[in-house]
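To keep things clear, I will list the structure first and then write my remarks on it.
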Amino acid sequence: MHVEATHDVLVVGAGCAGMRAAIEAHDAGADVGVISKLHPTRSHSGAAEGGINAALGNAGDDSPESHTFDTVKGSDYIGDQDAIEILCREAPGDIYQLEHWGAVFSRREDGKLAQRPFGAAGSPRTVFAADITGHVLIQVLYEQLVKREIAVYEEFFAWKLVENDDRCQGVICWDLLNGGLKTVGGKTVVLATGGQGRIYRTTTNAYACTGDGTAMALHLGLPLKDMEFMQFHPTTLYPTGILLTEGCRGEGAYLINKDGERFMKRYAPNALELASRDVVSRSEQTEIDEGRGVDGNVMLDMRHLGAERIIERLPGSRELSMVYAGIDPIYDPVPVRPGAHYHMGGIETDNDGATEMTGLYAAGECACVSIHGANRLGGNSLMETITFGRRAGRSAAEWALSHTTVEVPESAERDAEAKLQELLDRTDGERPWKLREELGNSMLENFAVFRTEDKMTKQIEILEGLRERYPNVYVEDKGEVFNSDLTQAIELGNMLDTALCMVTAGVVRKESRGAHSRPHDYPTRDDENFLHHSITRWKDGGIELTGSEVRFTKWQPEERKY
């Protein structure tokens, strides 16, 4: 094994956050490399549908301050307010830049960018490209990457971060295409590896969303923040779990139960279907649990919108419904249910993406700045990938350009080689898919929309058991080329470790806040004891849990009213 190449800034992940970081680092004068286990335009950011939030004020009175307040309130008051202010202040400029780069956003009759209402927003501030916004953004960013001739190591599976001299100096990868371990050195490394929804059996996330970056940081002893908060999206298509955008409800779709009742009137009489996601998901789950669902679902009804509006504004959602559920929403309601969607927690960073370790940065869903606190507002995550991807890229470049050396110790490469060989040499044991299936089913059963002490405690036992069995997993494919069997075994280890962080932090948070809902034992928010972030570290093969202060600027907690 040798060092494949060395760059000033090495970005791991090529979704919206990773590509935006790479572009910014390049424009700051750095030599940039991007590592991705997928071709960049296949990254999961491309699956984002509904839109991207910025206070442009094209569809109603709006301001960055109003956007900030909505986000703070939506976070159930544990989003860091200085970070939220940065996002909301810088969002409009980032939107105009994307548009100048060629993002074809939907427009109004007068030529201004169109904006649609999204959940818990005080104004229609979601800029969109029909309902394929992520797809449009990822193509535009990839064009900018190619234009700058930034090196992309495609189908390189990042496995271990290289730590030397108390700083991060590169990444050890498995080369999927040609086989073998390859090391790429970097003066600074930006992790932008996305979420970990695949921990759950039903999720809107792609198969690649396995929390790799989060786990790599965890294994280096870095702190993870607010890991218990996993958002369930209210409208995932039955039975696949594919996302149907919040844009459907933004355009005026209803949620109905088996009696045809628009049940959100009972739970959020003012906001209705556009209450925040945690509220809508809990309302749906309550309807299903109390027997008013249809085969474990509620129905999303768009019929009253009319064919023309559906075809113009929601073509992707219509196509997904027809292909994956055999239902045309122009004529019939579509069965939906809550599904694991977005992880609010992640690697703790400052407002420039810097982690506790010198030279290591993170941005996007794998990072926790924290913009979203306990519950993310729809449309804010795409904006976060752009704004904080840009800031992390700039920050990483500035550090790299003022330092000169990259040194990957041979011992790091030898250790990685030995570990990998041990995995490949094993001739019998359990297959990784079996453990992965047990993980997905048990997380959905014990750590989903509603949580209880006994189920979470049971889940920790299940995870400990799976982690005891994991060292004996058996990789059947011993080949070098496209050994997805091997990468899936490594991904499984990452998921088991991050899942344990999530549930451990969940048991200790004895309150209901945002997406962490404990209606049976702790039904209310407890600001006196839990108005803080949870911080999770890996220590001596186990988890150490501490807390950290929420950063307030001007908004104090108030009761939630809908």
Side-chain angles (χ1 to χ4, degrees), residues 44-51 118-119 131-135 194-210 229-251 253-258 263-264 273-289 292-302 314-329 332-344 365 375-379 381-382 440-441 443-445 447-450 514-515 517:
H44 187 56
S45 299
E49 296 172 15
F118 251 44
D131 59 354
I132 54 163
T133 313
H135 175 78
Q196 52 200 45
R198 279 285 145 193
I199 285 171
Y200 289 86
R201 188 189 78 228
T202 59
T203 175
T204 62
N205 287 194
Y207 282 97
C209 298
T210 51
F229 297 111
M230 171 59 90
Q231 179 171 81
F232 278 70
H233 196 288
T235 54
T236 76
L237 194 59
Y238 176 80
T240 54
I242 290 170
L243 176 73
L244 288 184
T245 172
E246 190 163 318
C248 297
R249 286 170 288 135
E251 294 295 339
Y254 301 151
L255 287 169
I256 56 175
N257 59 21
K258 72 172 186 187
F263 57 84
M264 285 308 298
E273 284 85 2
L274 288 175
S276 60
R277 287 179 176 175
D278 56 334
V279 172
V280 182
S281 289
R282 286 198 294 274
S283 307
E284 289 182 354
Q285 197 61 50
T286 303
E287 290 293 302
I288 293 163
D289 292 349
R292 293 186 293 278
V294 182
D295 298 331
N297 304 282
V298 294
M299 308 304 281
L300 183 67
D301 190 356
M302 308 182 221
L314 303 164
S317 299
R318 180 181 181 226
E319 187 182 354
L320 289 171
S321 303
M322 289 164 73
V323 171
Y324 292 101
I327 293 170
D328 186 341
D332 294 293
V334 184
V336 294
R337 60 183 176 180
H341 178 59
Y342 183 90
H343 195 211
M344 272 78 70
E365 192 175 349
N375 172 61
R376 173 172 76 77
L377 298 190
S381 62
L382 271 184
N441 286 334
M443 285 295 284
L444 200 61
E445 174 67 26
F447 200 68
V449 176
F450 294 123
S517 179

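All values derive from a computational prediction rather than experimental measurement. Side chains are part of it too, since the values below use all heavy atoms of this structure and drop only hydrogens, waters and symmetry mates. For reference, positions follow the sequence shown, starting with 1.
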Are [X] and [Y] side-chain neighbours, meaning at least one heavy-atom pair lies under 4.5 Å?
X    : Y    : answer
Y342 : H233 : no
Y200 : M230 : yes
S281 : P234 : yes
S381 : E365 : no
L244 : S321 : yes
T202 : Y238 : no
T203 : R198 : yes

Quick one: pull up [atom1] in [X] and [atom2] in [Y] and give me the separation to the nearest 0.5 Å.
X    : Y    : atom1 : atom2 : result
Y324 : E319 : OH    : CD    : 8.5 Å
I132 : L314 : CD1   : CG    : 12.0 Å
L300 : I327 : CG    : CD1   : 10.5 Å
I256 : E287 : CD1   : CD    : 11.5 Å

task = Begin from the C-alpha positions of S317 and D131 and carry the test side chain to side chain donor-acceptor pair (under 3.5 Å) through to its verdict.
result = CA-CA 7 Å; S317 299; D131 59 354; 2.9 Å; yes
query = Is there a side-chain contact (heavy atoms from CB on, under 4.5 Å) between I242 and T204 once you walk through the steps?
reply = CA-CA 5 Å; I242 290 170; T204 62; over 6 Å; no
Contact summary for [X] and [Y], nearest pair of heavy atoms:
X    : Y    : result
N257 : F263 : N-CD2, 3.6 Å
A275 : V280 : O-CG2, 3.5 Å
A515 : M344 : CB-CE, 3.6 Å
S276 : L377 : CB-CD2, 4.5 Å
V334 : P329 : CG2-CB, 3.9 Å
M302 : A253 : CG-CB, 3.8 Å

query = So is R282 actually on top of F450's ring, under 6.0 Å and inside 45° of the axis?
reply =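 No, R282 and F450 do not form such a contact.
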ask   = Just by modelled atom types, is the E273 backbone N or O under 3.5 Å from a matching donor or acceptor in the R249 side chain?
value =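 Answer holds: yes.
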request  = Would you check if the side chain of T133 reaches a backbone N or O of E49 as a donor-acceptor pair within less than 3.5 Å?
outcome  =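 Side chain of T133 to backbone of E49, a donor-acceptor pair under 3.5 Å: yes, one is there.
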message = Testing H341, E284, R277 one by one against T235 for a side-chain contact (heavy atoms from CB on, under 4.5 Å), which residue passes?
response =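 Single side-chain contact (heavy atoms from CB on, under 4.5 Å) partner of T235 among H341, E284, R277: E284.
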V336 and its side-chain contact (heavy atoms from CB on, under 4.5 Å) partner, picked from L243, V298, N297 =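 The passing option is V298.
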ask   = Can N375 and Q231 be counted as having a side-chain donor-acceptor contact under 3.5 angstrom?
value =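 Yes, because at least one side-chain N or O of N375 sits under 3.5 Å from a partner of the opposite role on Q231.
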task = Give a yes-or-no answer on whether the side chains of R201 and N441 include a donor-acceptor pair shorter than 3.5 Å.
result =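 A donor-acceptor contact under 3.5 Å links the two side chains.
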